[in-house]
Amino acid sequence: MSVEVFYDDDADLGLIQGRKVAVIGYGSQGHAHALSLRDSGVDVVIGLPAGSKSRPKAEEQGLRVLTPAEAAAEADVIMILAPDTAQRGLYAEAIAPNLAAGKALFFGHGFNIRYGLIKPPADVDVAMVAPKGPGHLVRRQYVDGKGVPCLVAVEQDPSGNAFGLALAYAKAIGGTRAGAIRTTFTEETETDLFGEQAVLCGGAAALVQTGFEVLTEAGYAPEVAYFECLHELKLIVDLMYEGGIARMRYSISDTAEYGDLSRGPRVIDSRVKDEMRKILGEIQSGEFAREWVAEDEAGRPNFAKWRAEGAAHPIEETGQKLRAMMSWVDRPITETA
Ligand SMILES: NC(=O)C1=CN([C@@H]2O[C@H](COP(=O)(O)OP(=O)(O)OC[C@H]3O[C@@H](n4cnc5c(N)ncnc54)[C@H](OP(=O)(O)O)[C@@H]3O)[C@@H](O)[C@H]2O)C=CC1
Ligand SMILES: CC[C@](O)(C(C)=O)C(=O)O
Ligand SMILES: [Mg+2]
Ligand SMILES: [Mg+2]
């Protein structure tokens, strides 16, 4: 099945330049959207609670900061870029009372709409512009005259113009420079959750930690194990990123490629694939969403425990020491926030 991809020439920036946009939240995505919208000539206001630690960051950039309710009341387009777990309460308290027919409600990820946690009124456009990359990279690419590809979706379209408006928004943050792909809230949410759980974050972190443990438990130096299991992963993924798995295999030695082809399927075997299918099932059925919402409402006890265990893993201490020796690893992408 082929997808529809839209580029700068397909989007009319004027559609978003003519509206006032409230960006609610000024974290990874929020700062990138707000600054790039402003640089694209859009009238932007930021919505943040009174005690938010993000307020000074937005104000330092010369942005006008109001409370979420005040910003939502002023704006025609409200982009919610607060954490997914905060969105339901934020919507009920500050946004729903300030919606009116003809306004548009935008999201950077479909979680709250897909799982029915937010149910906007029928006379409001509901759309999504979801960059396929971390917010700091979204901003850096925009500043460099490039862009991070976006997914664009429409859930409700009473105006008949929701897709054009979303495409204009994607253009204003650099997304259509790279390409904006039309999708649905369901497809974006389920694939995004699956990708981050099974492959990009959960799968990759567990693979790296487990490889490091096997080597160090067998008596190899943690420093050598770090290079083999974490540091070089970026170099290998860069090759995949540039030219796919085939390009990576072209670049490595035949010995590595034979080991890859003969041993890789033993590591990621049918049991792992079955577990991935189970994880996808939990996402599709809403089981993961219910678990995560309950964990958040309970004060995140497991989240805090697992996060602390991850931070205490020996690979972190080894990494800290080694990264200090590598001057080229000293420009964190988060420095634009
Ligand atoms: N991180 C990423 O790169 C990606 C994120 N997304 C999606 O973008 C959205 C935002 O995520 P992300 O940028 O990671 O979030 P962050 O955690 O980086 O930032 C959240 C921001 O929202 C503020 N905030 C917290 N609570 C509230 C509230 N009740 N009302 C208003 N503002 C609030 C925070 O302020 P304070 O500083 O005070 O905590 C902070 O400025 C999510 O839907 C996420 O799934 C999509 C693609 C990639
Ligand atoms: C991969 C994690 C992500 O989905 C992202 C940066 O796209 C997220 O939710 O942060
Ligand atoms: Mg993602
Ligand atoms: Mg995500």
Side-chain angles (χ1 to χ4, degrees), residues 22-36 45-61 63 65-72 75 78-96 98 105-115 117-118 126-142 148-153 169-170 173 175 180-181 183 185 187-205 237 241 283 288-289 292-293 296 300 303 307 333-334 336-337:
V23 174
I24 313 294
Y26 195 78
S28 178
Q29 287 293 324
H31 92 283
H33 291 223
L35 294 174
S36 301
V45 62
I46 309 299
L48 284 168
S52 166
K53 60 185 185 310
S54 298
R55 277 189 163 240
K57 291 185 195 164
E59 281 161 356
E60 272 163 29
Q61 296 295 328
L63 291 160
V65 184
L66 303 174
T67 65
E70 289 165 346
I78 301 156
M79 169 55 105
I80 304 187
L81 293 172
D84 296 311
T85 46
Q87 291 183 13
R88 184 168 46 156
L90 163 72
Y91 174 81
E93 277 167 36
I95 296 177
N98 291 299
L105 188 60
F106 276 29
F107 293 85
H109 176 43
F111 190 91
N112 281 268
I113 293 290
R114 163 63 182 85
Y115 295 112
L117 301 166
I118 291 178
V126 178
M128 173 171 50
V129 180
K132 287 285 92 187
H136 300 89
L137 188 64
V138 172
R139 177 59 180 161
R140 196 203 289 174
Q141 290 291 314
Y142 177 91
V148 167
C150 286
L151 297 185
V152 178
Y169 185 107
I173 64 168
I181 296 173
T183 185
F185 272 63
E187 183 174 66
E188 185 277 337
T189 305
E190 294 178 2
T191 55
D192 187 77
L193 292 176
F194 178 79
E196 66 201 21
Q197 292 175 21
V199 182
L200 305 174
C201 309
V237 170
Y241 183 81
I283 292 166
F288 170 76
W292 174 218
V293 169
D296 183 64
R300 303 186 174 198
F303 184 87
R307 183 185 258 178
I333 60 168
T334 48
T336 58

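From a predicted model like this one, the values you see are computed outputs, not experimental measurements. Atom set for the values below is all heavy atoms of this structure, side chains included, hydrogens, waters and symmetry mates excluded. Indexing begins at 1, ligand by ligand and atom by atom, following the structure's order.
Contact check for Leu35 versus Tyr26: side-chain heavy atoms found under the 4.5 Å cut-off. Residues Lys132 and Cys150 have side chains not in contact (no heavy-atom distance under 4.5 Å, counting atoms from C-beta outward). Side-chain contact between Met79 and Leu105 is absent, with no heavy-atom pair separated by less than 4.5 Å. Contact check for Tyr91 versus Asn112: no side-chain heavy atoms found under the 4.5 Å cut-off. With contacts defined as side-chain heavy-atom distances shorter than 4.5 Å, the pair Met128/Phe106 does not qualify.
For the atom pair CG of Leu90 and CD1 of Ile118, the computed distance is 7.5 Å after rounding to the nearest 0.5 Å. Summarising the geometry, atom CG belonging to Asp84 is positioned 10.0 Å from atom CZ belonging to Phe107; distances are rounded to the nearest 0.5 Å. Taken from CD1 in Ile173 to CD in Gln141, the straight-line distance is 12.0 Å, to the nearest 0.5 Å.
Side-chain contact, Thr183 with Glu187: a donor N or O sits under 3.5 Å from an acceptor N or O.
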Measure and list all N/O to N/O distances between ligand 2 and the protein that fall under 3.5 angstrom.
residue	atom	partner	partner atom	Å
ligand 2	4 (O)	Asp192	OD1	3.1
ligand 2	4 (O)	Asp192	OD2	3.2
ligand 2	4 (O)	Glu196	OE1	2.6
ligand 2	9 (O)	Glu196	OE1	3.1

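For the Mg ion (ligand 4), protein N/O/S neighbours under 2.8 Å (waters excluded) are Asp192 OD2, Glu196 OE1.
Around ligand 1, the residues contributing at least one heavy atom under 4.0 Å from the ligand are Ile24, Gly25, Tyr26, Gly27, Ser28, Gln29, Leu48, Pro49, Ser52, Lys53, Ser54, Pro68, Leu81, Ala82, Pro83, Asp84, Gln87, Leu90, Gly108, His109, Pro131, Gly133, Pro134, Gly135.
For the pair Gly135 and Gln29, the tightest heavy-atom approach, listed with the atom from each and the gap, is N-NE2, 3.2 Å.
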Could you go step by step and tell me if Ile283 and Tyr115 meet the side chain to side chain contact (heavy atoms under 4.5 Å, CB included) rule?
CA-CA 10 Å; Ile283 292 166; Tyr115 295 112; 3.4 Å; yes

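Remark: Arg307 CZ is loosely packed, at most 12 non-hydrogen atoms of other residues, nucleotides or ligands lying under 6.0 Å away.
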Going by atom type alone, with no hydrogens or angles, which donor-acceptor pairs under 3.5 Å involve a side-chain atom of residues 45-56 and a protein atom two or more places apart or on another chain?
residue	atom	partner	partner atom	Å
Ser52	OG	Ser54	N	3.0
Arg55	NE	Leu48	O	3.4
Arg55	NE	Pro49	O	3.0
Arg55	NH2	Leu48	O	2.9
Arg55	NH2	Leu66	O	3.2

